[in-house]
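These numbers were taken from a predicted model, which means no experiment stands behind them. The chain is numbered in sequence order, starting from 1. The figures here come from the full heavy-atom set of this structure, side chains too, leaving out hydrogens, waters and symmetry mates.
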Amino acid sequence: MKFNISRINFFKLLKFGTVGGISVLIDFSLTWLLHNKLGINGLISSSLGFLFSSICNFLLNNYWTFGAINGEATKRFIKFVCICAIGLLLNTATVYVLTHWGGLGLYISKLIAVVVVFNWSFLASSLFAFKPSDAIRS
């Protein structure tokens with residue numbers, strides 16, 4: 001499959017970024033609430049925050065960003081979860097390499113990781129989870 005970079009719609013990229021920002025807020029807020037206010041284990045809280053924000057992320061991207069109402073939502077969701085899992089691995093690896101081998105601070109490393117994962121997620125979502133044949137063109 002040949003991907004023409006000029007086909008990327010700037011507004012889809014902007015919507016994708018907005019959805020990502022909302023998802024980060026949901027993830028961190030839910031993690032904080034579960035851990036700091038309800039006393040749930042940090043790892044469990046973080047996992048639940050990530051899971052809930054990923055579901056919200058999928059729904060917003062599926063219906064708002066990509067307008068993908070045609071085709072099977074279950075298949076798109078499974079593809080999206082795979083993209084998120086790879087994104088989580090990329091995020092963790094980027095932060096680890098930059099902090100342990102690159103000597104950068106945690107938050108600078110996380111900021112760089114966000115950029116790396118954002119690019120991966122948008123391209124993978126555009127080409128794999130929400131490919132144009134599954135979406136209504138906007």
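The cluster map of Ile, Leu, Val, Met, Phe, Trp and Tyr, joined by side-chain heavy atoms under 4.5 Å apart, puts I108 and L98 in the same cluster. W101 and L104 are not part of a single hydrophobic cluster, where members link through side-chain heavy atoms under 4.5 Å apart. F66 and I78 are members of different hydrophobic clusters when ILVMFWY side chains are connected at heavy-atom separations under 4.5 Å.
The shortest distance between side-chain heavy atoms of Y63 and F58 does not fall below 4.5 Å. Between W32 and K37 there is a side-chain heavy-atom pair separated by less than 4.5 Å. When side chains are defined from C-beta on, I112 does not count as touching V95, because their heavy atoms never get closer than 4.5 Å.
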Which atom pairs, one a donor and one an acceptor, fall under 3.5 Å between side chains of residues 82-93 and the rest of the protein, sequence neighbours left out?
| unit_1 | atom_1 | unit_2 | atom_2 | d |
| --- | --- | --- | --- | --- |
| T92 | OG1 | L88 | O | 2.9 |

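Aromatic rings of F16 and F118 (six-membered ring for Trp) have centroids within the 6.0 Å cut-off, being under it.
Not counting sequence neighbours, S29 has no partner by the side chain to side chain contact (heavy atoms under 4.5 Å, CB included) test. Applying the side chain to side chain contact (heavy atoms under 4.5 Å, CB included) test to L60 and every residue at least two apart in sequence or in another chain returns V19, I22. Among residues two or more places apart in sequence or in another chain, the side chain to side chain contact (heavy atoms under 4.5 Å, CB included) test is passed with I55 by L51, L59, F77. S109 meets the side-chain hydrogen bond (donor to acceptor under 3.5 Å, both in side chains) test with no other residue; sequence neighbours excluded. With sequence neighbours left out, F28 forms a ring pair (Phe, Tyr, Trp, His ring centres under 6.0 Å) with no residue at all.
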Open item on the list: Please determine whether side-chain contact (heavy atoms from CB on, under 4.5 Å) holds for the pair N62 and F80, giving the CA-CA distance in whole Å, both sets of side-chain angles, and the decisive distance to 0.1 Å.
Closed with: CA-CA 10 Å; N62 188 55; F80 188 78; over 6 Å; no
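Minimum heavy-atom separation, S53 to D27: OG-CB, 3.5 Å.
Distance check, rounded to the nearest 0.5 Å: CZ of F122 to CG of L127 gives 9.0 Å. Atom NZ of K79 sits about 11.0 Å away from atom OG of S125, to the nearest 0.5 Å. Taking SG of C56 as the reference point, atom CG of L25 lies at 11.5 Å (rounded to 0.5 Å).
Other residues, nucleotides and ligands contribute over 12 non-hydrogen atoms within 6.0 Å of the CG atom of L33.
Both tests pass for K15 against the ring of W64: distance under 6.0 Å to the centre and angle within 45° of the axis.
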